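Here's the structure, in structure tokens; my notes come after.
Chain A is the first sequence line, chain B the second, and so forth, proteins listed ahead of strands; every chain is numbered from 1. Every value quoted in this text rests on a predicted model; they were computed, and no experiment measured them.
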Amino acid sequence: MIKHLQELLEKAVEDLQRKGIFPKDLAPNISFERTRNKDHGDFATNMALTLAKPLSKPPREIAQLIIDELIESSHVAKVEIAGPGFLNFFLTENCRRQVIKQVLKLRDKFGDNQFGNDKKITVEFVSANPTGPLHVGHGRGAAYGASLSNILEKSGYQVQREYYVNDNGRQMDILATSVWLRYLELCGEKVVFPDNGYQGDYIVNIARKVRKKYGDKFIFNNQEVYEAVPADEKDGGNKESHIDGLVTNAKNLLGKESYGKVFKIALKNILSGIKEDLEKFNVSYDSWFSEKQLHDGDTIDRALELLDDKKYLYEKDGAIWFMATHFGDEKDRVVTRENGQKTYFASDIAYLLNKFERGFEGALYVFGADHHGYIARLKAAAKGMGINPNDIEIVLTQFANLIEHGEKVQMGTRSGKFVSLSQLVDDVGVDAARFFYVMRSHDQHLDFDLDLAKSQSSDNPVYYIQYAHARICSIFDKLEQQAMHHNLEIGNAGLNLLVADQEQDLLRAIASYPEVMVAAARTRAPHLLANYLRELAQNYHSYYNAHQVGVDDENLRNARLNLSLATKIILANGLKLLGASAPVSMFSEDMKEQA
RNA sequence: GCGCUUGUAGCUCAGCUGGAUAGAGUAUCGGCCUCCGAAGCCGAAGGCCAUGGGUUCGAAUCCCAUCAAGCGCGCCA
């Protein structure tokens with residue numbers, strides 16, 4: 001529709017140019033926006049305002065010239081000049097109603113668009129280290145990444161959802177060692193658990209599995225375990241060198257094979273836990289990409305060679321550095337440490353290269369706000385390897401505070417006290433959890449009100465939307481019981497009977513869905529969809545309270561049913577994209593049945 | 001100290017690439033069930049868009065400064 005209006009205006013401008021009223025070299029930027037206020041019609045353009053300067057004429061005068069030149073359109077009822085010089089377009093009522101037919105025909109494809117131009121992209125999100133279960137802090141990235149991926153997919157991107165598994169680093173060694181130490185404890189050895197080890201109970205559970213599978217095979221006595229290990233922090237030493245010493249001993253005592261077994265059990269258990277948690281959270285991935293495979297293959301070496309060939313690497317203090325400052329980063333970054341080990345950043349570079357080698361045309365990263373320091377260096381690496389930095393995009397999600405009884409829930413990994421994502425889902429349900437995380441802009445700090453999310457009341461925005469959906473389902477049920485069967489054709493034929501204010505409002509809302517989808521995709525903002533669904537539900541609730549759908553008049557009834565069905569389709573579609581369900585009934589026993 | 005992000009109603013937040021009278025929810029107050037589900041609807045009240053400058057036809061939006069909050073600044077991952 002916007003396109004149609006643009007063509008009308010382009011035509012008018014051309015004619016004015018031909019008549020010599022507008023200069024020939026004028027190339028106006030004609031943009032339309034849906035009006036916020038219905039008194040301003042359906043669509044408005046500010047083009048007369050933007051032309052005021054180049055034409056040195058008052059905007060309202062220009063607007064009048066354009067209107068006089070506009071040709072008739074069967075879709076446009078009238079065009080008005082308003083305010084400082086806006087052109088307000090009013091569509092014919094008939095034109096507005098056509099959208100219902102479209103929704104009923106396209107069903108869940110309504111709103112699909114080609115904004116993404118078939119671009120092949122990876123969306124990487126969460127990617128938490130597999131050293132423990134996901135906590136609520138990861139929830140926002142998960143909800144955001146999953147919802148955004150869904151929206152991008154509907155908007156013409158080819159999306160690959162990816163989880164980067166950091167299964168190759170010091171943290172993983174600490175994990176494996178933590179498990180081994182708990183195992184020794186279980187076997188009756190005396191162990192003082194290190195300050196910097198992973199404290200959680202889940203480590204003990206994994207240790208149990210190790211013991212069950214391998215019995216006493218990995219036992220060493222206390223003296224061997226602590227041989228030449230520097231003192232821990234609690235004993236006045238350094239917790240980092242203490243744990244490193246333990247890791248070294250673990251590797252030496254167990255030997256490569258046995259150590260590998262412990263390592264593998266730990267990784268496998270934690271990773272499958274993470275997968276379960278995400279699945280429970282209605283988040284799915286297309287691939288789980290292992291960092292290890294970058295090391296095992298030659299990708300890291302090739303990536304570094306690529307940089308080296310272009311003289312972007314140099315040696316200093318025994319380490320190898322990447323000239324990130326050359327590409328706008330604030331400092332150069334080490335890629336190979338003095339001890340010969342590759343840094344985490346080296347893997348990142350390789351992974352980036354790998355994404356483009358696999359044929360992706362864009363890489364989108366969803367990071368927590370604490371990682372914002374990575375943007376510059378990642379873009380620098382891209383530039384260094386000859387990848388267009390515009391093809392990599394990093395979106396930050398701000399932190400979420402959990403609020404319970406009006407108080408911030410304190411969390412810290414040090415205290416070992418954190419609320420797991422799984423626990424949150426158990427408490428508030430997937431629907432509310434997913435919705436709460438994405439209902440605010442991702443770059444906004446978020447207060448996640450647990451009590452509100454738990455409340456099964458009007459206070460809870462997700463229920464509000466689901467209720468509208470359930471309500472519509474209930475109408476259809478009811479009429480079906482009374483043998484007033486819904487007839488699409490009769491409904492479509494009677495659309496001209498939809499004249500009530502609330503019906504017009506609802507039509508406006510329905511018609512704007514595709515635009516919301518594009519906007520959400522373009523600005524990477526799922527919360528736009530969440531807000532939109534609230535508005536759509538609001539429009540329906542108002543309508544429902546003002547008018548009876550199940551009236552005796554067959555024509556009007558079916559027209560209203562068509563309108564209701566169109567609303568229902570969009571509600572269900574939108575909820576699905578955000579990872580929430582669209583229940584047929586809000587009665588709790590029915591909700592359970594649904595699940 | 002430097003850098004990134006943020007500051008809008010009592011509270012939680014929208015406000016698209018600068019546009020028309022700054023909007024929701026919640027809390028508060030007042031109405032609406034003989035009627036398809038009241039987890040709903042209708043109405044009232046609530047604002048120096050942190051502060052001070054600047055850019056222009058026009059600024060919550062862009063620029064600068066100040067104040068306040070969060071985060072980051074390792075040969076950690």
Side-chain angles (χ1 to χ4, degrees), chain A residues 29 31 33-37 39-40 44 46 49-50 52-53 58-59 82-86 88 129 131 166 168-172 174 240 291 316-321 330-331 333-339 341-345 347 368-376 396 398-399 401 403 406 439-441 443-449 452 455-461 463-464 466-468 470-479 481-482 484 515-516 518-520 522-523 525 527-528 530-531 534-535 537-538 540-551 557 560 564 585-587:
Chain A
N29 179 21
S31 66
E33 58 178 34
R34 195 169 278 277
T35 53
R36 256 172 282 186
N37 184 334
D39 295 336
H40 300 149
N46 62 350
L49 292 159
T50 60
K53 204 163 200 182
F86 290 99
N88 290 340
N129 284 347
T131 53
N166 298 124
N168 189 83
R170 177 165 170 266
Q171 293 305 320
M172 289 308 298
I174 295 176
E240 301 291 347
E291 181 191 355
K316 195 184 91 183
D317 303 333
I320 298 179
W321 299 69
E330 42 180 50
K331 46 182 82 167
R333 308 289 174 181
V334 171
V335 290
T336 307
R337 291 200 264 162
E338 201 179 356
N339 63 12
Q341 282 185 340
K342 303 288 193 295
T343 60
Y344 182 83
F345 180 50
S347 311
D370 53 337
H371 281 66
H372 70 244
Y374 289 82
I375 300 176
L396 299 177
Q398 293 294 325
F399 289 126
N401 294 316
I403 309 290
M439 71 179 179
R440 304 304 186 196
S441 174
D443 57 13
Q444 192 71 235
H445 297 269
L446 170 82
D447 279 353
F448 193 119
D449 190 326
L452 184 56
S455 78
Q456 304 204 354
S457 74
S458 58
D459 303 354
N460 195 326
Y463 286 110
Y464 182 84
Q466 291 178 323
Y467 181 42
R471 228 176 194 177
I472 297 171
C473 294
S474 155
I475 294 171
F476 277 90
D477 277 357
K478 193 90 178 181
L479 292 180
Q481 280 167 29
Q482 296 168 11
M484 289 199 264
E515 292 146 39
V516 170
V518 172
R522 182 169 48 84
T523 60
H527 77 279
L528 294 180
N531 289 346
R534 225 215 120 268
E535 266 169 50
Q538 152 114 314
Y540 194 81
H541 286 309
S542 295
Y543 175 46
Y544 178 91
N545 273 273
H547 301 280
Q548 180 96 6
V549 173
V551 290
R557 185 178 70 237
R560 287 181 170 173
S564 299
S585 162
M586 298 304 284
F587 296 125

Polar atom pairs (N or O), protein with nucleotides 73-75 of chain B, under 3.5 Å:
from   : atom 1 : to        : atom 2 : distance (Å)
C73(B) : O2'    : Lys331(A) : NZ     : 2.9
C75(B) : O2     : Glu338(A) : N      : 2.7
C75(B) : N4     : Asp317(A) : O      : 2.6

Quick one: which protein N/O atoms are closer than 3.5 Å to N/O atoms of nucleotides 30-33 of chain B? Pair and distance per line, please.
none

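Residue Gln398(A) has its side chain nearest to U5(B) when only U5(B), G19(B), G37(B) are considered. Side-chain proximity of Gln548(A) to C36(B), G15(B), A20(B): nearest is C36(B). Closest approach to the Thr35(A) side chain among A20(B), G19(B), G25(B) is made by A20(B) (side chain taken as heavy atoms from C-beta onward). Proximity note for Arg471(A) (side chain, C-beta onward) versus G37(B), G72(B), A20(B): the nearest is G37(B). Of the candidates G25(B), C4(B), G40(B), the closest approach to any side-chain atom of Arg534(A) belongs to G25(B).
The shortest distance between side-chain heavy atoms of Asn46(A) and Glu33(A) does not fall below 4.5 Å. Tyr544(A) has its side chain out of reach of His541(A): every pair of non-hydrogen atoms, C-beta onward, lies at least 4.5 Å apart. Contact of the His445(A) side chain with the Asn401(A) side chain is not registered, since no non-hydrogen atoms from C-beta on lie closer than 4.5 Å.
Spacing between C33(B) and A38(B) at atom P, rounded to whole Å, works out to 12 Å. Comparing the P positions of C48(B) and C32(B) gives an interatomic distance of 34 Å, to the nearest angstrom. As rounded to the nearest Å, A22(B) and A44(B) have P atoms that lie 16 Å from one another. Nucleotides U55(B) and G72(B) are separated by 39 Å at their P atoms, to the nearest Å. For C57(B) and G43(B), the P atoms lie 40 Å apart once the distance is rounded to whole Å. Taking atom C1' on both nucleotides, G30(B) is separated from C13(B) by 26 Å, rounded to a whole Å. Taking the C1' atoms as reference points, G53(B) lies 15 Å from C67(B), given to the whole Å.
Lys478(A) has its NZ atom 9 Å from the C1' atom of G37(B), to the nearest Å. Protein atom CD of Glu33(A) is 14 Å distant from nucleotide atom P of G15(B), rounded to whole Å. Summarising the geometry, the separation between OH on Tyr543(A) and P on C42(B) is reported as 15 Å, rounded to the nearest angstrom. Atom CG of Asp443(A) is separated from atom C1' of G15(B) by 13 Å (rounded to the nearest Å). Between the CZ atom of Phe399(A) and the C1' atom of C4(B) there is a distance of 12 Å, rounded to whole Å. Atom pair Asn401(A):CG and A69(B):C1' shows a separation of 11 Å (rounding to whole Å applied). Nucleotide A14(B) holds its C1' atom 9 Å from the CD atom of Glu535(A), rounded to whole Å. Straight-line distance from the NE2 atom of His541(A) to the C1' atom of C36(B): 14 Å, rounded to whole Å.
With sequence neighbours excluded, the residues that form a side-chain hydrogen bond (donor to acceptor under 3.5 Å, both in side chains) with Asn168(A) are His295(A). Every side-chain hydrogen bond (donor to acceptor under 3.5 Å, both in side chains) that Tyr543(A) has, sequence neighbours left out, goes to Glu503(A), Arg560(A). Judged as a side-chain hydrogen bond (donor to acceptor under 3.5 Å, both in side chains), and not counting sequence neighbours, the contacts of Glu240(A) are Arg170(A), Asn196(A). A search for side-chain contact (heavy atoms from CB on, under 4.5 Å) contacts involving Ala470(A) returns Met586(A), not counting sequence neighbours. In terms of the side-chain contact (heavy atoms from CB on, under 4.5 Å) criterion, residue partners of Arg440(A) (sequence neighbours excluded) are, by chain and number, Arg140(A), Leu446(A). Evaluation of the side-chain contact (heavy atoms from CB on, under 4.5 Å) rule for Val518(A) yields Asn113(A), Phe115(A) as partners, not counting sequence neighbours. Every residue two or more places apart in sequence or in another chain that forms a side-chain contact (heavy atoms from CB on, under 4.5 Å) with Asn37(A) is listed here: Asp39(A), His40(A). Residues that satisfy the side-chain hydrogen bond (donor to acceptor under 3.5 Å, both in side chains) test with Asp477(A), not counting sequence neighbours, are absent from this structure.
Using a 5.5 Å limit on the distance between ring centres and a 30° limit on the angle between planes, the aromatic ring of Phe86(A) counts as stacked on the six-membered base ring of A20(B). The aromatic ring of His40(A) stacks onto the base of A20(B), its centre lying under 5.5 Å from the centre of the six-membered base ring with the two planes under 30° apart. An aromatic stacking contact links Phe587(A) with the base of G37(B), defined here by ring centres under 5.5 Å apart and ring planes under 30° from parallel.
With rounding to the nearest 0.5 Å, the separation of CE in Met172(A) from CG in Asn129(A) is 8.0 Å.
Side chain of Trp321(A) to backbone of Val335(A): no donor-acceptor contact under 3.5 angstrom is found. Remark: the backbone N or O of Val334(A) is paired with a side-chain donor or acceptor of Thr343(A) at under 3.5 angstrom.
Position along RNA chain B of the nearest nucleotide to Phe345(A) versus Leu49(A) favours Leu49(A) as the more 5'-ward residue. Mapping Tyr467(A) and His527(A) onto RNA chain B by nearest heavy atom places His527(A) at the nucleotide closer to the 5' end.
Note that Arg471(A) lies outside the cation-pi zone of Tyr540(A), set by a 6.0 Å cut-off to the ring centre and a 45° limit from the axis.
Using a 4.0 Å heavy-atom distance criterion, Asn168(A) is classed as making no nucleic acid contact.
An anti base is found at C13(B): its glycosidic angle is more than 90° from 0.
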## Note on the structure
5' to 3', nucleotides 8-13 of chain B under a 4.0 Å protein heavy-atom cut-off (B base, S sugar-phosphate only, - none) gives ----BS

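Judged by distance alone with a 3.5 Å cut-off, a donor-acceptor contact links the side chain of His372(A) to the base of G3(B). Contact of Ser585(A) with G37(B) (side chain to base): a donor-acceptor pair of N or O atoms is detected under 3.5 Å. For A20(B), its base never sits under 3.5 Å from the side chain of Asp39(A) at any donor and acceptor pair.
With a 3.5 Å limit on both pairing distances and Watson-Crick or G-U wobble geometry required, the stems of 3 or more pairs in RNA chain B span B:1-7 with B:67-73, B:10-13 with B:23-26, B:28-32 with B:40-44, B:50-54 with B:62-66.
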